[in-house]
Number of protein chains: 2
Amino acid sequence: MLHLQHLEQLIAFADQGTLSKAAEVLLISQPSLTRNMQQLEEELGVVLFERSKNKLQLTETGEYTVGLARQLLADSDTFLERVHRFSLQATTLFAGISAPGVEWEIQNRLAEAESEQIIHFDLKEKERLVQGLLAEDYQFIVTDSPVQEPNILSSSYFREQLYLSVPESHPFASKESIQLADLASLTMLLRSDLGIWQDLIDSLTETKFIVQKDWEAFTELISASTLPSFSTNITQMISEGNGQRVDIPIDDPEATKTFYLSALEKNERIYKQMQSL
Amino acid sequence: MLHLQHLEQLIAFADQGTLSKAAEVLLISQPSLTRNMQQLEEELGVVLFERSKNKLQLTETGEYTVGLARQLLADSDTFLERVHRFSLQATTLFAGISAPGVEWEIQNRLAEAESEQIIHFDLKEKERLVQGLLAEDYQFIVTDSPVQEPNILSSSYFREQLYLSVPESHPFASKESIQLADLASLTMLLRSDLGIWQDLIDSLTETKFIVQKDWEAFTELISASTLPSFSTNITQMISEGNGQRVDIPIDDPEATKTFYLSALEKNERIYKQMQSL
DNA sequence: ATGCCTTACGTTATACGTAATTATT
DNA sequence: AATAATTACGTATAACGTAAGGCAT
């Protein structure tokens with residue numbers, strides 16, 4: 001049966017001109033390539049090469065075959081791509097995340113890519129996310145620090161920065177930026193289930209928080225109230241232009257988190273898929 | 001790299017429903033097929049099968065992949081076919097034959113198939129034809145008896161029957177058939193280079209022959225002369241409707257020869273190509 | 001009990017790389 | 001000399017079949 005690998009090697013020879021160079025490009029030995037090309041000829045039952053003692057040249061049939069081979073390999077690639085696309089689309093991905101903003105960010109990217117990909121998100125602490133990744137409960141996880149384990153791919157994904165969101169009438173509205181310390185005197189609206197951001201909130205012992213669990217209700221609450229709340233660069237992307245409020249960046253380094261995407265090496269395809277969104 | 005063989009096996013599974021049956025059809029063992037399908041899944045990075053303890057079923061992605069695989073294998077087949085066609089057409093075939101009628105017959109068939117195949121014919125005795133075949137001087141030979149040697153394909157190809165060709169005015173013209181013995185008294189026009197037919201001619205010691213070597217001249221001679229000559233079912237196919245002459249079949253068994261097509265097993269492709277003309 | 005899939009294991013065959021050979025520039 | 005293709009040879013990988021196990025009908 002025809003080996004696509006041999007066609008690839010034939011093409012390499014056509015491109016490089018000699019078996020030696022082709023073998024170098026293909027990272028195999030020349031003798032191996034020689035044999036494979038002999039085998040290909042045998043398999044096709046056709047004379048692809050004109051052999052002088054020291055030179056190997058494509059016959060007319062060889063040239064023609066190279067052209068067809070390129071086409072067939074292209075067909076093979078589209079085959080692979082279609083299978084992958086179908087599989088991804090047919091599969092609900094399971095993602096473990098450490099902050100709600102990650103889900104918003106990803107959904108946002110999916111929408112922009114017009115992807116129909118369905119992803120189920122779980123919000124957990126990092127340790128449990130890594131466990132879930134190893135147990136293959138998740139195809140990928142997004143955490144606020146890299147995952148350094150064997151067989152796990154991990155790289156930085158995106159950054160999220162906290163902003164203070166206040167009505168235009170608020171005394172802070174004109175500030176270029178503020179510090180967390182400035183929030184001490186405030187009473188703020190706050191969602192629950194903030195993942196890694198919770199630590200930061202807990203450190204603000206002087207600030208009063210009115211916590212709303214239901215997220216839709218929270219959104220309504222904000223537009224109806226003049227109380228300050230938090231927003232991030234990601235929430236701004238989503239709910240742009242509800243002009244009533246001003247977003248003021250918070251300077252402190254704790255207010256900016258870098259998120260890292262991680263997946264098992266065996267799920268490299270999904271990893272790259274998420275990266276490229 | 002993707003193995004087309006695995007795709008073929010996947011399709012066999014889809015067609016047969018179980019690995020066991022598919023393995024039987026494919027003439028491999030079930031465990032081998034199991035592994036290959038696991039390997040295919042690994043290679044594609046996709047879940048093709050839903051595995052119960054005792055049952056293997058295609059997932060939706062699996063079904064989809066089968067469809068694409070059929071297409072890709074079809075592409076692979078057209079690739080092979082095109083390569084073969086091109087190669088055949090680009091190559092001048094060398095044929096060894098034992099009678100001139102063989103060339104006419106084959107050229108006739110090529111013409112009917114609208115083939116551009118170029119074939120060079122050599123007229124020799126059988127022994128030298130077989131030698132030439134083994135030495136690969138010929139891609140195929142056509143002899144009046146089968147070639148029984150290892151690694152040589154050989155089967156009957158077509159039959160050629162001698163006719164006596166006479167003008168309508170000739171006393172024999174009304175006969176349904178005649179015997180070689182009836183030719184004893186005749187003076188006939190004859191070509192040279194008759195291959196295996198020469199023996200039969202030589203046995204007609206009573207008949208006088210006027211031999212013409214140049215074949216075009218011979219054809220002119222015939223239409224200009226009222227002398228009888230030989231024709232065969234094959235020459236009749238070629239020069240039909242020069243209504244001046246009548247062809248009377250010769251009954252004797254020696255007047256009918258069966259020709260056999262032979263080629264090296266490695267040239268099976270050409271062998272079948274010639275057979276299917 | 002029979003059919004089916006998977007894993008384990010030993011063997012075989014295939015594929016590869018190194019080294020040697022021959023020829024060309 | 002240097003480059004290039006092929007052949008020879010030993011090794012390592014991988015593919016296969018047999019055997020065995022587990023599970024369902």
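A, B, ... follow the sequence lines: proteins, then strands. Residue 1 opens every chain.
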Between P on dC16(C) and CE on Met37(A), what's the gap in Å once rounded to a whole number?
10 Å

Can you see which heavy atom on Ser98(A) is nearest to which on Leu123(A), and at what distance?
C-CD1, 3.3 Å

Axis-to-axis angle for the helix from dA1(C)-dT25(D) to dT25(C)-dA1(D), ends of five pairs each, to 10°, equals 20°

Do Asp122(A) and Tyr138(A) meet the criterion of a side-chain donor-acceptor pair at a distance under 3.5 Å?
yes

If you measure only the distance, is there a donor-acceptor pair under 3.5 Å linking the side chains of Gln139(A) and Asn267(A)?
no

Looking only at non-hydrogen atoms, find the nearest pair between Thr258(B) and Ser156(B) and report the distance.
CG2-CB, 4.0 Å

Phosphate contact (dA5(D) OP1 or OP2) by Gln57(A) side-chain N/O below 4.0 Å
no

How far apart are the closest heavy atoms of Ala113(B) and Leu277(B), and which atoms are they?
CB-CD2, 3.9 Å

When you check the phosphate oxygens OP1 and OP2 of dA15(C), does a side-chain N or O of Gln39(A) lie under 4.0 Å from one of them?
yes

Could you check which residues of residues 5-24 of chain A get a heavy atom under 4.0 Å from DNA chain C? Sort them by number, please.
none

How many whole angstroms separate atom CD of Glu50(B) from atom P of dT6(C)?
12 Å

Is it the case that the side chains of Ser145(B) and Lys126(B) hold a donor-acceptor pair, with the cut-off being a distance below 3.5 Å and no angle test?
yes

Distance below 4.0 Å between Thr34(A) side-chain N/O and dA5(D) OP1 or OP2
no

Would you kindly give the CD-to-P distance between Glu43(B) and dA15(D), to the nearest whole Å?
11 Å

Could you list all N or O pairs between the protein and nucleotides 18-25 of chain C that sit under 3.5 Å apart?
unit_1	atom_1	unit_2	atom_2	d
dT24(C)	O4'	Asn54(A)	ND2	3.1

Can you tell me the distance, in whole Å, between the CG atom of Asn36(B) and the P atom of dA14(D)?
14 Å

Nearest whole Å is fine: how far is dA15(C) C1' from Leu26(A) CG?
15 Å

Using the closest heavy atom to pick a nucleotide of DNA chain C for each, name whichever of Gln38(B) or Leu27(A) lands nearer the 5' end.
Gln38(B)

Indicate the atoms forming the closest heavy-atom contact of Arg269(B) with Glu43(A), along with that distance.
NH2-O, 4.2 Å

Arg70(A) vs Asp15(A), salt bridge (charged side-chain N to carboxylate O under 4.0 Å, His left out): CA-CA, chis, key distance, verdict
CA-CA 11 Å; Arg70(A) 288 187 204 275; Asp15(A) 290 342; 2.8 Å; yes

Nearest-angstrom distance from the residue atom CG of Leu33(A) to P of dA5(D)
9 Å

What closest approach, in Å, do Gln117(A) and Thr91(A) show between heavy atoms, and which atom pair accounts for it?
NE2-O, 2.9 Å

Return the value, rounded to whole Å, for the distance between atom CG of Leu56(B) and atom P of dT7(C).
11 Å

Round to the nearest Å and state the distance from Phe49(A) atom CZ to dA4(D) atom P.
16 Å

Regarding Gln275(A) and Ser155(A), do their side chains bring together a donor and an acceptor under 3.5 Å, going by distance alone?
yes

Decide if the gap between the ring center of Phe121(A) and the ring center of Phe94(A) is smaller than 6.0 angstrom.
no

Aromatic ring centroids of Tyr157(B) and Phe259(B) under 6.0 Å?
no

